[in-house]
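Every heavy atom of this structure was used, including side-chain atoms; hydrogens, water molecules and symmetry mates were not.
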Amino acid sequence: MPELAFDLARIQFGFTISFHIIFPAITIGLASYLAVLEARWLMTKQTIFLDLYHFWVKIFALCFGMGVVSGLVMAYQFGTNWAGFSTFAGSVTGPLLAYEVLTAFFLEAGFLGVMLFGWNRVGPGLHFGATIMVAVGTLISTTWILASNSWMHTPQGIEIINGKVVPVDWLAIIFNPSFPYRLVHMVLAAYLTTALLVASSAAWQLLKGNNNAAIRKMLSMGLWMILLVAPIQAVVGDFHGLNTLEYQPTKIAAIEGHWENPPGEATPLILFAWPDMEQEKNHFELAIPKLGSLILRHSWTEQIPALKEFAVEDRPNATVVFWTFRVMVGLGMLMIVLGAFSLWARWKNQLYENKLFLRFALVMGPAGVIAILAGWFTTEIGRQPWVIYGLMRTADAVTPHSVTEMGISLGLFVVIYLAVFGAGAIYMLRLIKIGPKPKEAMQGDAFSVNKGEVEDFIIAAEFHPPHPTPSERKDD
């Protein structure tokens, strides 16, 4: 297969999965957020929580639909572009994806209809149960997908017979060494992404002068989540890094831009550099002595593996993963700063009025999505040149297509994705711009459609359940 065609196949899969991962990440967080909102409404009968529920459920439905569509396309590529991988490891990845459909997707799809359209048809308890089932379904789906992906990084529980993977221990396959860290890291990333989206949309409304109880509640809840989860994510990331050092030391060496180990010298932490893969050195390096050893070995003297200790053909692209990792970590630190800033603003009773803080929260809105993409690039590019670490190289997994075939298909993907998902993203931003509205002044059934919104996007919809008499609204 021509090298250019191989590169185009990798770019195509990277392009489609980058679009796909955004939508499940948002739905994972929003599903749990919706469950919390409905639970608080049932407990307090404050319609403010119901107002927020019916605002964010539209965003959830939109992202859920786009996630399903983009996921189907990505799954087909295993057969069309990566036949070698499917032939070699389909006995593991196929069942894991099937389990995801049987246990998670069917659960979500079954209760999603009740969650979206059942307000006038089922009681409050049953509707809340449907919301819980959808939220649980998103987490189960995440579990199976991360089990499959983690196995590709730390494979175990299999034998290779006649050139194919044969499962011998499914518990070992599912609970492979990197799975727990990846699962927790991804779920927390999804919660942070949602919290930042919620908080930034509230900050936008407040900066525009739309200061009502629902907006204040939305900002408060999002910031509490960021304050709590961002530091936990940093700790989980540290454990994840130690696990990666044990099982994929080449990736860690590339992430750190660490080329060689002078005898008796601790590993520095390189803050800034431009790793040069051809010259095997860093340009413009700025480093802190010994700190790399302290972070990765929890020691002042112990070294970490260096890139020159591995064969050239076994090294990932250090230039890319060095910077994608730093984008992820840098944004994570800013999330911690945002949480701390919000705590100070609460203490000063300025949470809803401090313009500097609100602008910071607004700018941080897309940080969760960017951090997820940067982390995903670090993980997947850092695994190269292996598609299954230590067992199968990516070059052996690709379907032998021509440059013309791959170029045309990639071009079509780019055009169609930008049109379809671009329209979806624009519509989602328009909904967020409008913001939540009190439903007690509205009329309608459980699902009513605004004609103008339908013309903009097919999924435009409003969910209007019957409401109790509004109770006094109070902020957290």
Side-chain angles (χ1 to χ4, degrees), residues 8-31 59-87 89-113 115-116 133-152 186 190 193 369 372-373 376 380 387 397-399 401 405-406 408-428 457-459 461:
L8 290 174
R10 290 183 61 196
I11 291 171
Q12 185 178 118
F13 192 82
F15 177 79
T16 54
I17 199 172
S18 295
F19 268 87
H20 173 67
I21 194 174
I22 295 171
F23 304 118
I26 295 174
T27 56
I28 291 166
L30 277 183
I59 312 296
F60 172 83
L62 181 61
C63 290
F64 187 90
M66 292 193 290
V68 170
V69 172
S70 59
L72 289 173
V73 173
M74 189 184 66
Y76 274 114
Q77 287 187 72
F78 287 121
T80 59
N81 294 354
W82 303 98
F85 169 77
S86 298
T87 301
S91 58
V92 169
T93 58
L96 290 177
L97 293 178
Y99 298 154
E100 189 263 341
V101 172
L102 291 172
T103 62
F105 186 74
F106 284 0
L107 181 67
E108 293 171 293
F111 285 97
L112 185 65
M115 177 181 170
L116 298 181
M133 288 299 100
V134 171
V136 170
T138 62
L139 296 175
I140 294 175
S141 177
T142 307
T143 299
W144 288 116
I145 296 301
L146 266 294
S148 178
N149 179 260
S150 298
W151 178 83
M152 294 165 64
M186 184 63 210
T193 298
V369 170
I372 284 178
L373 290 175
W376 195 257
E380 301 306 309
V387 66
V398 69
T399 305
H401 292 307
E405 291 170 330
M406 293 309 307
I408 292 174
S409 61
L410 176 58
L412 289 173
F413 270 119
V414 171
V415 172
I416 294 172
Y417 268 51
L418 290 179
V420 175
F421 298 118
I426 291 172
Y427 178 67
M428 182 175 70
F457 197 77
I458 192 170
I459 311 179

Exercise for the section: Could you walk me through whether V134 and F60 pass the side-chain contact (heavy atoms from CB on, under 4.5 Å) test, one step at a time? Expected result: CA-CA 11 Å; V134 171; F60 172 83; 3.5 Å; yes
Handout entry: Verdict with reasoning, L418 to F19, per side-chain contact (heavy atoms from CB on, under 4.5 Å)
Key = CA-CA 10 Å; L418 290 179; F19 268 87; 4.0 Å; yes
Practice task
For the residue pair F413 and Y417, categorise the inter-ring angle as parallel (less than 30°), tilted (30 to 60°) or perpendicular (more than 60°).
Solution key: perpendicular
Problem - pair W376-I17: side-chain heavy atoms closer than 4.5 Å - result: yes
Practice task
Report yes if some heavy atom in the side chain of L139 is under 4.5 Å from a heavy atom in the side chain of I28; otherwise report no.
Solution key: yes
Handout entry: Pairwise distance CE(M66) to CD1(I26) - rounded to 0.5 angstrom
Key = 7.5 Å
Handout entry: Neighbour count above 12 (heavy atom, 6.0 Å) for F105 CZ
Key = no
Practice task
Decide yes or no for V69 and F421: does some side-chain heavy atom of the first lie under 4.5 Å from some side-chain heavy atom of the second?
Solution key: yes
Fill in the blank from the handout: Scanning both residues in full, the closest heavy-atom pair of V387 with M152 reads O-CE, 3.4 Å
Problem - Y76 OH: over 12 foreign heavy atoms closer than 6.0 Å - result: no
Practice task
Side-chain contact test, heavy atoms from C-beta onward, threshold under 4.5 Å: evaluate it for E380 versus F13 and give yes or no.
Solution key: no
Problem - Spacing of CD1 belonging to I11 relative to CG belonging to L410, to within rounding of 0.5 Å - result: 6.5 Å
Exercise for the section: List the atom of G79, the atom of A83, and the distance in Å for their closest heavy-atom pair. Expected result: O-CB, 3.9 Å
Exercise for the section: Check the side chains of T16 and Q77 for a donor-acceptor pair under 3.5 angstrom, ignoring hydrogens and angles. Expected result: yes
Exercise for the section: Let me see the working for I22 and L373 under side-chain contact (heavy atoms from CB on, under 4.5 Å), right down to the final yes or no. Expected result: CA-CA 8 Å; I22 295 171; L373 290 175; 4.2 Å; yes
Exercise for the section: For A9 and M406, work out which heavy atoms get closest and say how close. Expected result: CA-CE, 3.4 Å
Problem - Over all atoms of both residues, closest heavy-atom pair of A104 and S141 - result: CB-N, 3.4 Å
Practice task
Rounded to the nearest 0.5 Å, what's the gap from CG on L107 to OG1 on T138? Could you check?
Solution key: 9.5 Å
Practice task
May I ask you to decide if F78's main-chain N or O and S86's side chain share a donor-acceptor pair within less than 3.5 Å?
Solution key: yes
Problem - From CA spacing to verdict: side-chain contact (heavy atoms from CB on, under 4.5 Å), I145, L97 - result: CA-CA 7 Å; I145 296 301; L97 293 178; 3.6 Å; yes
Fill in the blank from the handout: The reported gap from CG in L72 to NE2 in H20 (rounded to nearest 0.5 angstrom) is 9.0 Å
Handout entry: Backbone of T80 reached by a side-chain donor or acceptor of T399 within 3.5 Å
Key = yes
Fill in the blank from the handout: A190 and A25 have their tightest heavy-atom pair at CB-O, 3.3 Å
Exercise for the section: Work out which heavy atom in F23 is nearest to a heavy atom in S70; give both atom names and the distance. Expected result: CD1-OG, 4.1 Å
Fill in the blank from the handout: To the nearest 0.5 Å, atom CH2 of W144 lies from atom CD1 of I140 at 9.5 Å
Handout entry: Distance (rounded to the nearest 0.5 Å) between Q12 CD and S409 OG
Key = 4.0 Å
